[in-house]
Amino acid sequence: MSDDEALAALRLMMLSRAVDEWAVKLQRLGRLGTYGPVHGQEASVVGSSWALDPKLDWLAPAYREQPAMLHHGMPLEKLLAVYMGKLTAGRIPEDVNMLPRNQSVGAQLPHAVGLAWAQKLRHSGAAVMVFLGEGASSEGDFHESCNLAGVMTAPIVFVIQNNSWAISTPSSMQTAGSLSARAAGYGFPGFVVDGNDLFAVYETARTAVLRARSGNGPTLIENRTYRMGMHNTTDNPNAYRSASEVEAAASADPIVRVQRYLANRRRWSAELGEQWDKDIDAEIRGAMEQAATYPGPRPEDVFDHVYAKPPARVAAQRAELMRRFES
C-alpha cells in the first residue's frame, strides 16, 4: 500500500471501531438489534477487502465484516438501517456487488461459490471474496463449498477470520489441525497470515484475488487475529476467557500498529487523530439520523422481496396474511 492508501485504510478501521462503540450502546438502549463487533479484527477485514475492486469483484460477508461492506459501496446509513430492522430501506443498492450479510453460520459459502462459478461461466473477470469465522470451518457447508470451488476452478477467495474463539469455544477445542492446510485437500493453496498486520493481510489477499481473476482458481487465507470484544451483544465473554488474555491481545491492536507505522513516516499525528475522531463521530451521527427517517418494516415485506414472480401458493399466503392485519 502507498501511504495514502494506508491512511484511507486506517480511517476505515477507525470508523469501524467507532461504529462498534455506537452500535453496542444503541443496542443496549433498544434502538438496534443484535450486533457483532469487529473490535480487534479491523486489519483482517479491511486488509482483505482492500484487495477487491468494488466495481468488478463481489463480496460475500458473514456477520462481522461491516468495514468491508462499507468499502465495497454499502452506505453507512443503510447498514445501520438493517440493524434497526428496516430491511427494505437498508437493501443493498443495485450497483453494489455484494450479497446480503449472513447471520446463519456458513450458509453464505455455497452461495458465494455459485456466484464465483457464474463469473467464470460469464467470463466477467471478477473474483469473489467470502468471509467466515473458524467456527464456520467446521460446518458441512464449508467442506462442500471448498470441494466444489476446487473442482470448478472457481474464482473465489475464502477468508477465514480465526479470532481464537468460536463464540465460547476456543480454537484449540474446535480444530486439531491447521485451517489453512485444509486447502491442499481441495486442490488449491492455503496461507496463514498475521491477521493484525494490515499490510500482510492486504498483500496475501491481493495475490489471491489476482490469481482468481487470472483463472487459476480458489485460495484459502487464514487470518489469525483476536476478537477483543464480545461475539455479539447477546454474549458475555467474561464468562469464558480471562481479562489477562484480552489485555495481551490488545498489545497487538491492529489500529495502533498502523498508526505507529504512519507516524514513523510522518503521515500520522495525535492532532490528526483528534480531528478524525470528530469527523467520524459526525459521520456516524448523520448516518444514524438518516437511518431513523427510513420507514419501518411492513408485514408484506416478507413476501414482496423474495420472488420476482411469486407462485400462486405464495400469493395466496400473502393475501391471507394481509387479511389478518386488515381485520
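As the structure is a computational prediction, the values presented were derived from the model and not from experiment.
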Quiz prompt | N196-T225 side chain donor-acceptor pair, cut-off 3.5 Å | solution =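 Side-chain D/A pair, N196 to T225: present.
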Are [Y] and [X] connected into the same hydrophobic cluster when the rule is that any two of I, L, V, M, F, W, Y join if their side-chain heavy atoms are below 4.5 Å apart?
| X | Y | answer |
| --- | --- | --- |
| V19 | Y294 | no |
| L76 | L87 | no |
| M228 | V45 | no |

Exercise. Not counting sequence neighbours, list each pair that qualifies as a ring-ring contact (aromatic ring centres under 6.0 Å, His included) and has a residue in residues 65-107.
Key: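 Counting only pairs at least two positions apart or across chains, the ring-ring contact (aromatic ring centres under 6.0 Å, His included) contacts touching residues 65-107 are Y35-Y83, W50-H71.
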Exercise. Would you list the pairs meeting salt bridge (Lys or Arg N to Asp or Glu O under 4.0 Å) in which at least one residue belongs to residues 222-240, sequence neighbours left out?
Key: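 Counting only pairs at least two positions apart or across chains, the salt bridge (Lys or Arg N to Asp or Glu O under 4.0 Å) contacts touching residues 222-240 are E222-R224, R227-D235.
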Quiz item: Roughly how far, to the nearest 0.5 Å, is CG of N162 from CG of L179?
Solution: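 Result: 5.5 Å between the selected atoms.
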Tell me which donor-acceptor pairs under 3.5 Å the side chains of residues 286-293 have, and how far apart each pair is, sequence neighbours excluded?
residue, atom, partner, partner atom, Å
T293, OG1, Q290, O, 2.6

Quiz prompt | Geometric class of the Y186/H143 ring pair [parallel <30°, tilted 30-60°, perpendicular >60°] | solution =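 Rings of H143 and Y186: tilted, 30 to 60°.
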Exercise. Report the relative orientation of the aromatic rings in Y261 and F199; use parallel for angles under 30°, tilted for 30 to 60°, perpendicular for over 60°.
Key: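 Tilted: the ring planes of Y261 and F199 meet at 30° to 60°.
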Self-check item: Residue that, paired with L32, satisfies side-chain contact (heavy atoms from CB on, under 4.5 Å) out of L26, T233, V24
Solution: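 Exactly one pass, corresponding to L26.
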Self-check item: Donor-acceptor under 3.5 Å (E42 side chain, G40 main chain)
Solution: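 Pair found, side chain donor or acceptor close to backbone of G40.
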